[in-house]
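Letters A, B, ... are given to chains in the order of the sequence lines, protein chains preceding strands, and every chain is numbered from 1.
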2 protein chains.
Amino acid sequence: MHADKPIAESTVRRLSLYLRVLEHAMERGIRTISSEELADEGGTTSAQVRKDLSFFGSFGTRGRGYHVAELVSELQRILGLGREWRVYIIGAGKIGAALASYHGFVQRGFTVLGIYDNDPRLVGTIVDGVTVRDFATLADDARRESPEIVVLAVPGEVAQAVAERVVAAGIHAILNFAPVPLHVPAHITVRSVNMALELEGLAYAIVHRDSVTPAA
Amino acid sequence: MHADKPIAESTVRRLSLYLRVLEHAMERGIRTISSEELADEGGTTSAQVRKDLSFFGSFGTRGRGYHVAELVSELQRILGLGREWRVYIIGAGKIGAALASYHGFVQRGFTVLGIYDNDPRLVGTIVDGVTVRDFATLADDARRESPEIVVLAVPGEVAQAVAERVVAAGIHAILNFAPVPLHVPAHITVRSVNMALELEGLAYAIVHRDSVTPAA
DNA sequence: CCGAGCTTGTGAAATTCTTCACAAGTCCTC
DNA sequence: GAGGACTTGTGAAGAATTTCACAAGCTCGG
Ligand SMILES: NC(=O)c1ccc[n+]([C@@H]2O[C@H](COP(=O)([O-])OP(=O)(O)OC[C@H]3O[C@@H](n4cnc5c(N)ncnc54)[C@H](O)[C@@H]3O)[C@@H](O)[C@H]2O)c1
Ligand SMILES: NC(=O)c1ccc[n+]([C@@H]2O[C@H](COP(=O)([O-])OP(=O)(O)OC[C@H]3O[C@@H](n4cnc5c(N)ncnc54)[C@H](O)[C@@H]3O)[C@@H](O)[C@H]2O)c1
């Protein structure tokens, strides 16, 4: 639909953020927003906002700004959110269960088709309306349902092995919650959410903050 | 202890990752590791590893590599993990509860002193050994216990307001799980974990993958 | 219909981050 | 104790990302 140059991951991240800000603005009845306002809410700069958007087209009106509802649907289209995404969650533990029942995902078109676990005590139970399936049936189910995305919420020790089973089942995108780097073939897309790493980043910032900032 | 230049957030992130890889290597009885091996495991390049470490000193031996145990303790020191960090979790819902009982945090020195909620039905209950406290007592408790870090696991609609109470209570570091950008004074450090945003990044990658890669 | 006031879209400059490439140091074998 | 095989640490080059700055375009009031 438009020429695809390679877009930086940081840009895509910000687009998601803009979308959230815009939806919030829409709820409050705001019709029009400038790059400046969008930047303030999203924690970036107006030039950054305009540059990010310019990779995909030209959506604003000079002298006026962006029409909120229009930009929302443009961003949804760009991010691929106009459709339903079929998701499997693997690991029906604490994180897996929390994610399964998280309404924020459904709202954006991510439908959880199944939760998988290999613990016989969990298989067959129901988590927020979704039955826990036996991990052994993953490949068969995937052939039938062709999910696009897997959320990996298993212990770190087995994450790599499970990821390989996921890839073998023909699924090309993984959201990884285990605190280990996953090694997968190049055509598989992986994003990791590593909470321990973020906490450590805070610790680093606290330790080094006072030594950097000149004392007030 | 050493001259602090401003270090990129991406570098700090990778240091945490190296630490994890090194600990894993140590468990397997590996004594020595090269920047090449460390890079392969951590999903980066050897030059990147050496450059990252070079900001903090010179920890390896030419011709030999890095002594694993030694580099582990250097990284722990750099990241500020040699000590106990006192953490409050706010929001005793699904995510808050999962985090409270997550062993990976305790292991790295992050001690959860208290979980806060404003739902009277939850206050007083016990989540994995930690009692849920009344959010109204936050400021008083903080004065007494001086926690360094708050984990914010409340609904997005109240996240900004709760963050302001946290800042007012004198806490300077926030790990935010709500899917909204937080606006805080400059001396407060915030890291956000935004899972919806990562999922959207996957959706974007899937939609744009095939149009970028020349058909095989 | 004009001019003042805004705000976008975008090349170019500046900055930041990553990769290269190699001198220098270590180890091991013979 | 000399030479070959490795591997670090680091300036310099290169790539990527962000910021600047301004021409061009729209709006609105009179
Ligand atoms: N709980 C947290 O707050 C938290 C925070 C950060 C990261 N994580 C990470 O998320 C992952 C899950 O954490 P959790 O707290 O939900 O753990 P958990 O132990 O509660 O759940 C893990 C689930 O995975 C299942 N499982 C194990 N091996 C499996 C396999 N081979 N195939 C299918 N299922 C399998 C287990 O039966 C269990 O139900 C871990 O990697 C953890 O490090 C958790
Ligand atoms: N559950 C998930 O998988 C998931 C995934 C991504 C993001 N999140 C985000 O994490 C946050 C929490 O999600 P959750 O699923 O745990 O929600 P939840 O509704 O289960 O828990 C939220 C808790 O916060 C408490 N709370 C509300 N207002 C409060 C206030 N002013 N002070 C103190 N406590 C208050 C509520 O009583 C409730 O117990 C949300 O912002 C959500 O968007 C959750």
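Heavy atoms of A/Ser35 sit under 4.0 angstrom from primed sugar atoms or phosphate atoms, though from no base atom. When heavy atoms are screened at a 4.0 angstrom cut-off, B/Thr45 is found touching the sugar-phosphate backbone but no base atom. At the heavy-atom level, B/Arg64 lies under 4.0 Å from the strands shown only through sugar-phosphate atoms.
Comment: A/Glu23 does not engage A/Arg20 in a salt bridge, judged by the lack of any side-chain N to carboxylate O separation of less than 4.0 angstrom. Using a 4.0 Å cut-off between a side-chain N of Lys or Arg and a carboxylate O of Asp or Glu, B/Arg191 and B/Glu9 qualify as a salt bridge. We find that B/Glu145 and B/Arg86 are not joined by a salt bridge, their nearest charged nitrogen and carboxylate oxygen being 4.0 Å or further apart.
Checking D/dC26, D/dT17, D/dT8 against every side-chain atom of B/Arg62, the shortest atom distance belongs to D/dT8. Taking only side-chain atoms of A/Ala8, from C-beta outward, the nucleotide of C/dT19, D/dT17, D/dT19 with the closest atom is D/dT17. In the set D/dT7, C/dT18, D/dG9, D/dT7 carries the atom at the smallest distance from any side-chain atom of B/Ser34.
If A/Thr61 and A/Ser10 are placed on DNA chain D by their nearest nucleotide, the residue sitting closer to the 5' end is A/Ser10. Residue order along DNA chain C, read from the 5' end via each residue's closest nucleotide, puts A/Lys51 first among B/Arg14 and A/Lys51. Comparing A/Thr11 and A/Arg50 along DNA chain D, the residue whose closest nucleotide (by nearest heavy atom) sits nearer the 5' end is A/Thr11.
Taking 4.0 angstrom as the limit, A/Gln48 places none of its side-chain polar atoms (N or O) nearer than this to OP1 or OP2 of D/dT17. In terms of phosphate contacts, A/Ser58 brings a side-chain nitrogen or oxygen within less than 4.0 Å of OP1 or OP2 of C/dG9. Look at A/Tyr66 and you'll find a side-chain N or O under 4.0 angstrom from OP1 or OP2 of C/dG9.
Remark: P of D/dG9 and CD of B/Glu74 are 11 Å apart, rounded to the nearest angstrom. Distance A/Glu36 CD to C/dC6 C1': 12 Å, rounded to the nearest Å. In this structure, the CD1 atom of A/Ile33 is 10 Å from the P atom of C/dT8, given to the nearest Å. Put simply, CG on A/Leu53 is 10 Å from P on C/dT8, counting in whole angstrom units. Protein atom NE2 of B/His67 is 17 Å distant from nucleotide atom P of C/dT26, rounded to whole Å. Here the P atom of nucleotide D/dT8 and the CZ atom of B/Phe56 are 18 Å apart, to the nearest Å. For the pair B/Asp52 CG and D/dT10 P, the computed distance is 13 Å after rounding to whole Å. Atom-to-atom, CZ of A/Phe55 to C1' of C/dT8 comes out at 15 Å; the value is rounded to the nearest Å.
For the residue pair A/Glu41 / A/Tyr18, no side-chain donor-acceptor distance below 3.5 Å is found, with atom types taken as modelled.
The 12-atom threshold is exceeded at CZ of B/Arg83, counting heavy atoms of other residues, nucleotides or ligands nearer than 6.0 Å.
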